[in-house]
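Just below is one structure, and these are the notes that go with it.
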Amino acid sequence: MSALLICVFLMCSYGSGFAEPENCDEVHKVFHLRQIGPSHVLPSGPVSGSNLQVCTSKTLTCCTKKTEEKYQVAARRDVQNLLQSHSSSLKLLLSRYVAAFQETFEVLMRQAENHTNNVLQVSYQKIADAAAASVRELFTDVGLFLLGSELNVDEFVQRFFDALLPLVYNYYINPGGSNPSPGHDECVRSLNRIIKPFGAAPGLLADQIATSGVSGKLLLQALHLGIEVINTTDHLQLSRECRRALLKMQYCPHCQGITHSKPCMGYCLNVMRGCLASMAEIDAHWREFVRSLEGLSARMHGAQDLEQVLLGAHTMLHDAIRQAQKNGARLLAQVHKLCSPPIRTPAQSFSIQDTNTRVSIPLKALNRRSEDSLSVMRKDFLKNLRAFSTFYGGLADHMCLQELSSGDGVPCWNGTNIVKSYTRRVVGNGVRAQSTNPEVKVKGEDPVINQIIDKLKHINQLLQGKTIPKLGSLDQIEAGSGDSEGRYSGDCDDEDGCAGSGGSEITRKVSKLSPDVTGDYKHHHYHHPPAKDSNINGNSHSLRLTGVIWVLALPCLQMILDL
């Protein structure tokens with residue numbers, strides 16, 4: 001007889017929902033355990049549910065209107081916490097490799113600088129110490145270029161050779177007993193770009209730094225954008241329809257005293273696919289993002305191998321100085337013609353060999369572990385990133401399968417009752433598929449998601465090396481989404497409080513590492529960062545004045561040369 005009563009009870013439960021709760025004790029326990037809100041918003045016992053908006057009930061209920069409002073905030077918070085939990089591994093991966101690549105770039109700069117200085121000490125000892133500051137400036141500028149500064153590569157490479165020419169001239173082309181005047185050195189410096197004593201080396205070095213550097217900075221730029229995509233979707237503003245559907249799915253059963261049953265799988269999929277419909281539209285572009293990064297990595301060899309270019313810069317510098325020495329006679333004549341000869345001891349012939357060159361001094365070995373190389377790091381990063389290539393395509397399904405829904409064959413919540421299985425149609429992913437969603441009405445695409453998709457399209461074009469119309473720098477396209485105060489698009493009502501997840505507003509910060517590398521990265525005009533003036537621009541006021549005079553006089557001198 002007792003078994004019969006249980007069967008009748010279960011049949012009634014599956015057919016028309018549980019009877020009204022006898023008390024709300026279990027609801028109180030779960031309410032406090034999940035920290036949903038203060039206890040006074042819960043009734044002490046079952047009450048009429050006539051004023052409820054979503055969790056409507058014809059019988060007594062454990063919810064009031066205030067309780068329902070707290071449950072809706074909790075439902076939204078739970079989903080946003082789930083989103084952040086599911087994306088945390090991907091975000092950590094990108095953040096970790098951004099830091100690793102930046103650190104590797106910095107180490108490369110120091111090693112390239114040290115290696116170049118060592119080569120100068122071995123082959124050109126006389127100018128090594130005097131050239132050290134210019135070598136440091138060169139590789140500092142390369143580092144700034146890699147980390148996003150819009151420096152003109154041609155300009156800072158030529159500036160390095162400008163500073164090098166007076167040293168080469170005074171010690172190897174026209175050595176003498178007295179030091180030349182600062183004005184004479186400035187005149188010699190100003191001739192570098194006219195008579196080109198170093199041959200093709202400066203232009204070739206600039207080309208290699210620009211080509212390999214653009215690939216390196218684009219890699220960092222892409223990783224920063226990847227983090228921005230995740231931050232945007234982690235804090236996406238959910239629509240009113242979605243919030244109500246989440247409340248109905250997760251907490252309306254509590255109003256009936258049902259605290260342990262989970263939503264049916266099909267029901268959960270409809271709700272979550274509806275709520276994350278716009279997010280699913282990122283999927284195709286995110287997949288292409290991963291493939292495009294793989295393509296960029298595959299191209300980073302030879303002239304695009306930043307590590308090879310930087311650690312080989314000393315060879316090109318050595319060749320450049322040798323070229324200047326071979327052109328010594330012509331250089332000497334030009335300097336004597338255009339710059340008043342300095343007061344010296346009797347003229348001496350130019351020297352190709354450094355008489356003070358240290359003999360058999362071994363170069364300091366580059367202390368780089370193989371696992372620290374850029375190539376190894378890129379391969380390791382892409383291997384890990386591939387596991388997340390379908391992240392946005394299966395997000396709603398993964399959340400339901402892993403966290404939200406009940407298992408197969410277990411009685412579950414279908415939005416109204418506890419049932420054996422969900423019988424309504426289950427829709428697919430994406431905005432278009434939601435037109436027949438029985439649980440969530442999706443009005444259209446989310447403008448915030450559209451903005452992030454546009455950024456992904458743009459970076460994918462850059463990663464693939466395609467020429468496209470400028471969208472402006474990625475740092476000019478406002479990072480993240482929402483208005484200047486950090487709020488997001490989407491409808492907002494009294495149920496929200498418009499304060500974002502957990503009651504805190506999220507403010508998007510524009511990425512500092514996102515110059516537009518589609519532009520003319522070598523030849524546009526630029527101003528050197530003022531912060532470096534104290535270290536780099538160490539000329540006195542008189543030298544600067546002399547430089548200005550020579551700039552004005554050079555066109556006339558060029559005409560004399562042409563005669």
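The salt bridge (Lys or Arg N to Asp or Glu O under 4.0 Å) check on Arg291 picks up nothing, with sequence neighbours excluded. His32 pairs by the ring pair (Phe, Tyr, Trp, His ring centres under 6.0 Å) definition with nothing, not counting sequence neighbours. Remark: His28 engages no residue in a ring pair (Phe, Tyr, Trp, His ring centres under 6.0 Å) (not counting sequence neighbours). Not a single side chain to side chain contact (heavy atoms under 4.5 Å, CB included) links Ser44 to another residue, sequence neighbours left out. Every salt bridge (Lys or Arg N to Asp or Glu O under 4.0 Å) that Asp283 has, sequence neighbours left out, goes to Arg287. In this structure Met109 satisfies the side chain to side chain contact (heavy atoms under 4.5 Å, CB included) test together with Val142, Leu146, Leu310, sequence neighbours excluded. For Arg110, the side chain to side chain contact (heavy atoms under 4.5 Å, CB included) partners are Glu106, Val107, not counting sequence neighbours. The side chain to side chain contact (heavy atoms under 4.5 Å, CB included) test applied to Arg34 returns Val30, Ile36, Tyr251, His254, not counting sequence neighbours. Here Phe289 pairs with Trp286 under the ring pair (Phe, Tyr, Trp, His ring centres under 6.0 Å) rule; sequence neighbours left out. Residues forming a ring pair (Phe, Tyr, Trp, His ring centres under 6.0 Å) with Phe381 (at least two apart in sequence, or on another chain): Tyr97.
Shown here for Pro263 and Leu404, the closest heavy-atom pair between the two residues is CD-O, 3.1 Å.
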*asked:* Would Glu445 and Ser278 count as a side-chain hydrogen bond (donor to acceptor under 3.5 Å, both in side chains) here? Give the steps.
replied: CA-CA 6 Å; Glu445 298 177 350; Ser278 288; over 6 Å; no
*asked:* The test is side chain to side chain contact (heavy atoms under 4.5 Å, CB included); show your working for Asp446 and Gln237 and say whether it passes.
replied: CA-CA 9 Å; Asp446 189 305; Gln237 180 68 49; 5.9 Å; no
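No more than 12 heavy atoms of other residues, nucleotides or ligands shown are found within 6.0 angstrom of CD on Glu103.
Of the charged side-chain nitrogens involved, at least one lies within less than 4.0 Å of a carboxylate oxygen, so that Glu439 and Arg424 count as a salt-bridged pair.
Screening residues 383-398 for salt bridge (Lys or Arg N to Asp or Glu O under 4.0 Å) gives Arg273-Asp397, Glu294-Arg386 as the qualifying pairs, with residues at least two apart or on separate chains. Applying the disulfide bond (SG atoms under 2.5 Å apart) test to pairs two or more places apart or on separate chains, none has a residue in residues 416-446.
As summarised for Cys62 and Cys255, their two SG atoms remain at a distance no smaller than 2.5 angstrom, missing the threshold.
Judged by distance alone, with hydrogens and angles left aside, the side-chain atoms of Asn460 form no donor-acceptor pair with the main-chain N or O of Ser292 at under 3.5 Å. In terms of modelled atom types and a separation under 3.5 Å, the side chain of Lys455 and the main chain of Glu228 share no donor-acceptor contact.
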